[in-house]
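Have a look at the structure below, then the notes.
Just so we're on the same page: letters track the sequence lines, and every chain starts at 1.
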2 protein chains.
Amino acid sequence: MSSPDRPLENADQQAQVFERVRKAHQMEATEDYVELIDDLIRTQGEARLVEVAERLGISQPSAGKTISRLQRDGYVTSEPYRSIFLTDKGKQLADSSRERHDIVFKFLLAIGVSEDTAKLDSEGLEHHVSDETLGVFKRLIKQHSERQAKK
Amino acid sequence: MSSPDRPLENADQQAQVFERVRKAHQMEATEDYVELIDDLIRTQGEARLVEVAERLGISQPSAGKTISRLQRDGYVTSEPYRSIFLTDKGKQLADSSRERHDIVFKFLLAIGVSEDTAKLDSEGLEHHVSDETLGVFKRLIKQHSERQAKK
DNA sequence: GCATAAACTTAGCCATGGCTAATTTTTGGA
DNA sequence: TCCAAAAATTAGCCATGGCTAAGTTTATGC
Ligand SMILES: [Mn+2]
Ligand SMILES: [Mn+2]
Ligand SMILES: [Mn+2]
Ligand SMILES: [Mn+2]
């Protein structure tokens, strides 16, 4: 019942792979928050903590603590009891995160995954896709839409 | 410079998406550890903490603490100063994790991603791929290998 | 305009997963 | 055999990201 013998790869190389995943996870909350805050500002005119917490499915104090960290790290500004604003740095990260998220989502649709599943999977996948892979995704999205147009 | 107006989705739905990502992250360390431990047992005859830590790129105490948790949760057994063994539950998780990891890796190769990037990306992506998406990946891997054979 | 409700903050708890320094146990070579 | 090196453990630190309970501020509706 054993799989084919994969020889172990070099230990250092493998360590670098795991290190990269840890780095991605470090940025994950930041990316999801700024993307969500930007969405709320666009559609509601402002981003309130209560709405951020509700959409993330966590408590207000939990969301508030992370917002404080984002402020500390220069992604957002916010005065006590007021709504949340993105800094330039935060807006830039929101834009690039949304773009990447959209590409992953559309790619999943293009290869035949359902809307619901694509929405679920892309929320986690987006943070682990390299630029190289993203480029391949974009190419296949384009091919798919061209195929659709021709039909 | 604004993107097309995406209306906000339902808050509850969105919360469920994020909740699913949090669940996936809860399992992530467990899956990576049991997969690695299984690889070490297959190729080295045993899994030593020193090797687990080296390959994850973390300190021995950090790896040891997580191994304790895996033991507490029934994935591994290990006596003090001895090597690490997988329980049936751990072996099953290792097998299914490796299988999923391999599918993601081979899928990336099939769509034209380089070996190095596929190795990097698949280590993070694997934990966020649903069964539905995995099925699509498998289909496309098969199509690709058939195309290769025909050529 | 005032009372109540909603929003937010504060305080304090917990688990996970990193770390270093110091100690203990095991192992292997002279 | 025994001693030094390697492996593992213990202790104690930290950041992140969850939580609840309780208090404060702001907004709302009568
Ligand atoms: Mn996103
Ligand atoms: Mn996300
Ligand atoms: Mn894996
Ligand atoms: Mn992994």
Side-chain angles (χ1 to χ4, degrees), chain A residues 11 15-37 40 44-85 123-124 127, chain B residues 11 15-37 40 44-85 123-124 127:
Chain A
Q16 282 178 322
V17 172
F18 284 114
E19 196 184 353
R20 179 162 170 279
V21 175
R22 288 193 294 271
K23 283 273 155 60
H25 283 152
Q26 273 186 351
M27 287 304 296
E28 179 153 350
T30 303
E31 291 167 353
D32 286 337
Y33 273 70
V34 297
E35 193 186 338
L36 174 55
I37 289 164
L40 290 173
Q44 323 276 288
E46 61 174 357
R48 303 295 319 203
L49 182 60
V50 61
E51 182 90 6
V52 171
E54 191 195 351
R55 287 185 172 275
L56 292 173
I58 63 181
S59 69
Q60 258 181 70
S62 296
K65 205 198 292 189
T66 298
I67 295 290
S68 295
R69 187 166 54 73
L70 295 192
Q71 187 156 25
R72 182 198 69 193
D73 295 342
Y75 295 101
V76 306
T77 60
S78 156
E79 288 151 72
Y81 298 98
R82 290 278 120 81
S83 68
I84 304 149
F85 300 91
E123 190 60 71
H127 310 281
Chain B
Q16 283 179 320
V17 172
F18 284 113
E19 197 184 352
R20 181 163 168 279
V21 176
R22 288 194 293 271
K23 283 273 155 60
H25 284 153
Q26 274 187 351
M27 286 306 296
E28 180 154 347
T30 303
E31 291 168 354
D32 286 337
Y33 272 71
V34 296
E35 195 187 336
L36 174 55
I37 289 164
L40 291 173
Q44 323 276 290
E46 62 174 355
R48 303 296 317 204
L49 182 60
V50 61
E51 182 89 6
V52 170
E54 191 195 352
R55 288 186 170 273
L56 292 173
I58 63 181
S59 69
Q60 256 181 74
S62 296
K65 208 200 288 192
T66 297
I67 296 290
S68 295
R69 188 166 54 74
L70 295 192
Q71 187 155 24
R72 181 199 67 191
D73 295 342
Y75 295 101
V76 307
T77 60
S78 157
E79 287 150 74
Y81 298 96
R82 291 278 121 79
S83 68
I84 304 150
F85 299 91
E123 189 59 72
H127 309 280

Tested for side chain to side chain contact (heavy atoms under 4.5 Å, CB included) against A:Glu51, the lone hit among A:Ile37, A:Leu36, A:Leu40 is A:Leu40
Rounded to whole Å, NE2 of B:His25 lies from P of D:dA15 at a distance of 22 Å
A:Arg48 and A:Ser83 have their tightest heavy-atom pair at CD-CB, 3.8 Å
In whole angstroms, the gap separating C1' of D:dA15 from CG of A:Leu70 amounts to 14 Å
Applying salt bridge (charged side-chain N to carboxylate O under 4.0 Å, His left out) to B:Glu31 and not counting sequence neighbours gives B:Arg100
note: B:Gln60, atom CD; C:dT25, atom P; distance rounded to Å ~ 16 Å
Regarding the side chain of A:Tyr33, the nearest nucleotide among D:dG18, D:dA11, C:dT9 is D:dG18
Atom CD of B:Gln71 and atom C1' of C:dT16 are separated, to the nearest Å, by 18 Å
Note: contacts of residues 15-24 of chain A with DNA chain D (heavy atom, under 4.0 Å) are none
Could you list the protein-to-nucleotides 25-28 of chain D atom pairs, N/O on both sides, closer than 3.5 Å?
residue : atom : partner : partner atom : Å
D:dT25  : O4'  : A:Tyr81 : OH           : 3.4

Nearest-nucleotide check on DNA chain C, B:Thr30 vs A:Glu51; residue mapping nearer the 5' end is A:Glu51
Atom CG of A:Leu56 and atom C1' of D:dC19 are separated, to the nearest Å, by 15 Å
Side-chain contact check for B:Lys65: nearest option of C:dG18, D:dT10, D:dA8 is C:dG18
Minimal heavy-atom distance between B:Leu49 and B:Ala63, with the atoms involved, is CD1-CB, 3.7 Å
Of the listed D:dT20, C:dC19, C:dA7, the closest approach to the A:Ser59 side chain comes from D:dT20
Side-chain atoms of A:Ile58 come closest, of D:dA8, D:dG18, C:dC8, to D:dG18
Worksheet entry | A:Ile58 side chain reached by B:Phe18 side chain, heavy atoms, under 4.5 Å | no
Q. Looking at side-chain heavy atoms only, is the closest gap between B:Asp73 and B:Thr30 below 4.5 Å?
A. no
The reported gap from CG in A:Leu70 to OG1 in A:Thr77 (rounded to nearest 0.5 angstrom) is 11.5 Å
When rounded to whole Å, the CG to P distance for the pair B:Asp73 and C:dA15 reads 12 Å
To the nearest angstrom, the CD1-C1' distance between B:Ile84 and D:dT9 comes to 13 Å
Whole-Å distance, B:Ile67 CD1 to C:dT16 P, equals 14 Å
Interatomic distance, CZ@A:Arg20 vs CD@A:Gln16, rounded to 0.5 Å, equals 11.0 Å
pair A:Glu54-A:Val50: side-chain heavy atoms closer than 4.5 Å:
no
